[in-house]
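Written below as structure tokens is the structure these notes are about.
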Amino acid sequence: MTERYLSVVLEEAEQIATHHEQVAHSTENTAHEYLRYAVLKLLEEGPFDPDSTLPRIDDVTVGYGQDTAMFENWHTDVEWWTTVPPQEECTRFRIFYPIEHESVPRLIVDVMSALGAGRVWTGSAVDCGSYDHHERREVHFLWPQGHPVEDLLQERVHGPDAVAPDGGCTGDVRDRMVASANGGQVDDLEPRTRRAVTEEMSVSLLEKGGRYEVQSASENRYDVDVVGESCTCPDWEQRSPAGGCKHLRRVDHEIKRGRVPRPDGRLPADAADSG
């Protein structure tokens, strides 16, 4: 059974790289970024194959981060880090799913097992400081760097030019507005993401390297660094919500929609072509 999931995830990743040019190279690990989108689509939307009988799970979010970096951010607040020590050469996949599931859905376990990931923790998302997901549970899988699946994935993706590198950050904005076929639907977004895509804000690039200025409807101005993932707003400085504050998410959204220059200073592809 796991071989079936491995094949589907690889095919999904290839499809995403081919058909969703907005999906950027990750600033952490390109292969992991493709896998993240592929797992998200497989779990929540089902595979591209319309005849597939694979199950689906509604309301899923998939993210990842370097294991040691996550430990350094959370270790003073999360007790279970003492029993699950961080591993320097591992990435930690985080999968959020609806709280009504009393145990980790079998599909999640099977898919991540097929990718060679090992489960290390599961529990309430709030216990991990993920207050944006207070009505969800969270499961963590460790993914060893240099895993053979990464080589298999690169063979399926047609070279480094399959997607445009723009240095964007990970978060619900891209999960819901880019990878989802129903990208125009915002009613079911979690609150910060919904505000990010609906409130009046103006975004401009301050300097190359990913620094932007966001002016809100209240005339407040904030500096946003999408590569370093930081913002000068009170929400980020006081809470640092998972997925970013609404300003981080808005900048990321504007980059993906081709409305502002990329972090490297290049104009969006369609704007450059029209000039």
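Only heavy atoms go into these numbers, but all of them, side chains included; no hydrogens, no water, no symmetry mates.
Without hydrogens or angle criteria, Arg250 side chain to Glu199 main chain gives a donor-acceptor distance under 3.5 Å. Side-chain atoms of Asp67 never come within 3.5 Å of backbone atoms of Glu88 as a donor-acceptor pair (strictly under, hydrogens ignored). Put simply, the side chain of Arg137 gets close to the backbone of Ile99: a donor and an acceptor are under 3.5 Å apart. Side chain of His101 to backbone of Ser103: no donor-acceptor contact under 3.5 angstrom is found.
Here the OG1-CD distance, from Thr68 to Gln87, works out to 10.5 Å after rounding to the nearest 0.5 Å. Rounding to the nearest 0.5 Å places OG1 of Thr91 at 9.5 Å from CE of Met70. Once rounded to the nearest 0.5 Å, the distance linking NE2 of His253 with NZ of Lys246 reads 14.5 Å. Atom CD of Glu89 is separated from atom NE2 of His147 by 14.5 Å, given to the nearest 0.5 angstrom. Distance OH/Tyr212 to CG/Leu205: 5.0 Å, rounded to 0.5 Å. Rounding to the nearest 0.5 Å gives a distance of 6.0 Å between CD1 of Ile95 and CG of Leu43.
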Could you list the donor-acceptor pairs under 3.5 angstrom formed by side chains in residues 220-227, with sequence neighbours left out?
unit_1: Asn220; atom_1: ND2; unit_2: Ser218; atom_2: OG; d: 3.0
unit_1: Arg221; atom_1: NH1; unit_2: Glu213; atom_2: OE1; d: 2.9
unit_1: Arg221; atom_1: NH1; unit_2: Gln215; atom_2: OE1; d: 3.2
unit_1: Arg221; atom_1: NH2; unit_2: Gln215; atom_2: OE1; d: 3.1
unit_1: Asp223; atom_1: OD2; unit_2: Arg211; atom_2: NH2; d: 3.0
unit_1: Asp225; atom_1: OD1; unit_2: Val227; atom_2: N; d: 3.1
unit_1: Asp225; atom_1: OD1; unit_2: Gly228; atom_2: N; d: 2.8

Query raised in the report: Passes side chain to side chain contact (heavy atoms under 4.5 Å, CB included), Tyr97 versus Val104? Steps please.
Result: CA-CA 8 Å; Tyr97 56 92; Val104 182; 3.6 Å; yes
Requested in this report: Go through the steps for Thr61 and Arg94 under the test side-chain hydrogen bond (donor to acceptor under 3.5 Å, both in side chains), then give the verdict.
Outcome: CA-CA 8 Å; Thr61 298; Arg94 308 173 61 193; over 6 Å; no
Requested in this report: Check the pair Arg192, Asp235 against salt bridge (Lys or Arg N to Asp or Glu O under 4.0 Å), reporting the backbone distance first and the verdict last.
Outcome: CA-CA 10 Å; Arg192 279 190 180 87; Asp235 185 33; 2.7 Å; yes
Requested in this report: Take Ile108 and Phe141 through the side chain to side chain contact (heavy atoms under 4.5 Å, CB included) test and state the conclusion after the steps.
Outcome: CA-CA 10 Å; Ile108 292 177; Phe141 291 88; 3.7 Å; yes
Query raised in the report: Stepwise, does the side chain to side chain contact (heavy atoms under 4.5 Å, CB included) test hold for Arg119 with Met112?
Result: CA-CA 8 Å; Arg119 183 174 60 179; Met112 296 307 294; over 6 Å; no
Query raised in the report: Between Leu42 and Val8, does a side chain to side chain contact (heavy atoms under 4.5 Å, CB included) hold up when you go through it step by step?
Result: CA-CA 8 Å; Leu42 175 59; Val8 171; 3.6 Å; yes
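Between Arg136 and Asp59, at least one side-chain nitrogen of the basic residue sits less than 4.0 Å from a carboxylate oxygen of the acidic one, meeting the salt-bridge criterion.
Residues Val139 and Phe96 form no side-chain contact, since every pair of their non-hydrogen atoms from C-beta on lies 4.5 Å or further apart. Contact annotation: the side chain of Leu115 approaches that of Leu35 to within less than 4.5 Å [non-hydrogen atoms, C-beta and beyond].
For His140, the side chain to side chain donor-acceptor pair (under 3.5 Å) partners are Arg92, Glu138, not counting sequence neighbours.
Scanning all heavy atoms of the two residues, the minimum distance from Met201 to Ser216 falls at CG-CA, 4.4 Å. Closest approach of Trp236 to Pro241, counting heavy atoms only: CZ3-O, 3.6 Å. Closest approach of Arg36 to Tyr64, counting heavy atoms only: CD-CD2, 3.4 Å. Across all non-hydrogen atoms, the minimal contact from Ala38 to Ala13 is CB-N, 3.6 Å. Taking both residues in full, the closest heavy atoms of Ala114 and Tyr5 are given as CB-CB, 3.9 Å, listed atom of the first, atom of the second, then distance. Across every non-hydrogen atom of Cys90 and Pro144, the tightest pair is SG-CA, 4.0 Å.
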